[in-house]
Amino acid sequence: ASYREKVQANYYVSASYREKVQANYYVSTSYREKRLEARLSVLQSAVDEYNKAKNEFSSKATEEEMRLLRFQRKLDDEKGAGLLGLSLQATMEALLASGLQKQADHLYRDFRVSDKRYWWLKLKSLAEKEEWEELEKFSKSKKSPVGYLPFVEACMKKSNKYEAKKYVTKVTPEQRVRAHLTIEDVEGAADAAIERRSEAEIGTVISRCSSSSSSSTQRLLLDKLQRALTTANRK
């Protein structure tokens, strides 16, 4: 390339950098604006600068922030939700906690939130509110992208073993020992560990058994686990 072409290329790079810096400044400034209209106006200036700099990622992220702000203001006006300025995740958490399911689903679809992320938020919210029937319906709506151990753990966090048991059989074999131990079912955990012939899992279950217990059932279980461990060690 000629000297003139090199100088021209450097100019374009410098211009792009200046536009990016200017855009970042607008974004930073927007947080100091008290009125929503003013904040949106500054963010639009940031989008314009990002587009000039061909920074598609930042431009799209800023446009999404503007869309979220408008959505929050609309719900604040309609429901008095107090959402303005919250992050996307915090907004969805607040909506789910307030029972505004349709609005939360709208954000999930509109902002293309991952299935895993949304399922975590929704099951956590339903369990926190102890809406067990809704949680069960949700678990059956489609195959869970986060598995079923989180359902077991969420139920037990609220000390509801009855509900937690519903999801243990749905847990993958790799997580079944942990699921049984979570609901304090040592015998079930023992059977799952022995079936998988896993030394580590058998050892974990043994550590949960009380060797000092006078219960004959407990002693028989320990003997069963010890024999299984010996067999697994030979392989």
Side-chain angles (χ1 to χ4, degrees), residues 1-129 131 134 138 141-146 150 154:
S2 67
Y3 172 75
R4 181 177 179 179
E5 288 170 335
K6 287 180 180 178
V7 170
Q8 190 174 37
N10 185 62
Y11 170 79
Y12 287 130
V13 170
S14 298
S16 176
Y17 176 75
R18 288 196 301 270
E19 288 156 353
K20 184 177 178 181
V21 169
Q22 185 64 44
N24 290 341
Y25 170 76
Y26 283 137
V27 171
S28 177
T29 300
S30 73
Y31 290 105
R32 296 195 290 271
E33 295 291 347
K34 302 296 183 184
R35 294 184 306 109
L36 177 62
E37 293 73 16
R39 185 172 182 181
L40 290 172
S41 177
V42 175
L43 286 174
Q44 183 58 56
S45 296
V47 170
D48 295 341
E49 295 299 323
Y50 282 133
N51 286 334
K52 290 177 187 176
K54 294 182 172 30
N55 190 329
E56 185 178 347
F57 176 82
S58 296
S59 174
K60 184 178 178 181
T62 307
E63 287 176 336
E64 287 186 347
E65 173 69 9
M66 294 169 68
R67 201 160 78 248
L68 179 61
L69 287 168
R70 292 188 180 103
F71 176 87
Q72 291 170 335
R73 168 52 64 83
K74 184 173 181 291
L75 267 188
D76 283 357
D77 291 343
E78 293 175 356
K79 308 284 186 180
L83 302 172
L84 193 63
L86 294 181
S87 67
L88 176 60
Q89 178 161 322
T91 301
M92 289 192 295
E93 287 175 340
L95 290 172
L96 290 168
S98 302
L100 297 173
Q101 182 65 59
K102 290 182 179 179
Q103 290 82 353
D105 286 344
H106 173 78
L107 281 185
Y108 158 61
R109 293 189 300 269
D110 192 39
F111 286 82
R112 297 182 180 179
V113 176
S114 73
D115 284 352
K116 279 188 175 183
R117 184 181 178 189
Y118 191 55
W119 272 64
W120 272 109
L121 292 175
K122 191 166 180 177
L123 78 87
K124 178 184 173 184
S125 174
L126 291 172
E128 283 292 328
K129 293 187 291 181
E131 294 183 0
E134 288 301 315
F138 178 54
S141 61
K142 71 174 186 177
K143 184 177 179 181
S144 169
V146 297

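No hydrogens, no waters, no symmetry mates; every other heavy atom, side chains included, goes into these values.
- The main-chain N or O of Leu121 is never found under 3.5 Å from a side-chain atom of Ser125 such that the two would form a donor-acceptor pair.
- Annotation for Lys129: atom NZ counts as buried by contact number, over 12 foreign heavy atoms lying within 6.0 Å.
- The distance from atom CG of Leu100 to atom CG of Leu75, rounded to the nearest 0.5 Å, is 6.5 Å.
- At a threshold of 4.5 Å between non-hydrogen side-chain atoms, the residues His106 and Leu95 do not count as touching.
- To the nearest 0.5 angstrom, Ser98 atom OG is 7.5 Å from Leu83 atom CG.
- The shortest side-chain heavy-atom distance between Leu68 and Gln72 falls under the 4.5 Å cut-off.
- Using a 4.5 Å heavy-atom threshold, the side chains of Leu123 and Val146 count as touching.
- Atom CZ in Arg117 sits 5.0 Å away from atom CD in Gln89 (nearest 0.5 Å).
- Looking only at distances, no side-chain donor or acceptor of Arg39 sits under 3.5 Å from a matching main-chain atom of Leu69.
- For the pair Phe71/Leu88, no side-chain contact is recorded, criterion being any heavy-atom separation below 4.5 Å from C-beta on.
- Taken to the nearest 0.5 Å, the CZ atom of Arg67 stands 4.5 Å off from the CG atom of Asp110.
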Verdict with reasoning, Arg73 to Arg70, per side-chain contact (heavy atoms from CB on, under 4.5 Å): CA-CA 5 Å; Arg73 168 52 64 83; Arg70 292 188 180 103; 5.8 Å; no

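- Using a 4.5 Å heavy-atom threshold, the side chains of Asp115 and Lys142 count as touching.
- The pair Lys60-Glu56 does not count as a salt bridge, with every side-chain nitrogen at least 4.0 angstrom from each carboxylate oxygen.
- Within the 3.5 Å criterion, the main-chain N or O of Phe138 finds a donor-acceptor partner in the side chain of Ser141.
- Closest approach of Leu43 to Ser30, counting heavy atoms only: CD2-OG, 3.5 Å.
- No side-chain heavy atom of Met92 sits under 4.5 Å from any side-chain heavy atom of Lys122.
- For the pair Tyr118/Asp105, a side-chain contact is recorded, criterion being any heavy-atom separation below 4.5 Å from C-beta on.
- The heavy-atom pair separating Tyr108 from Ser114 by the smallest distance is CE1-O, 4.2 Å.
- Minimum heavy-atom separation, Ala94 to Leu86: CB-CD1, 4.5 Å.
- Val27 and Ala46 get closest at one heavy-atom pair: CG2-CB, 3.8 Å.
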Mind running side-chain contact (heavy atoms from CB on, under 4.5 Å) on Gln103 and Lys79 for me, showing each step along the way? CA-CA 11 Å; Gln103 290 82 353; Lys79 308 284 186 180; 3.9 Å; yes

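- Checked by atom type and distance alone, the side chain of Ser59 never pairs as donor or acceptor with a backbone atom of Asn55 at under 3.5 Å.
- Note that the OG atom of Ser45 and the CG atom of Leu40 stand 11.0 Å from one another [nearest 0.5 Å].
- Other residues, nucleotides and ligands contribute over 12 non-hydrogen atoms within 6.0 Å of the CD atom of Glu37.
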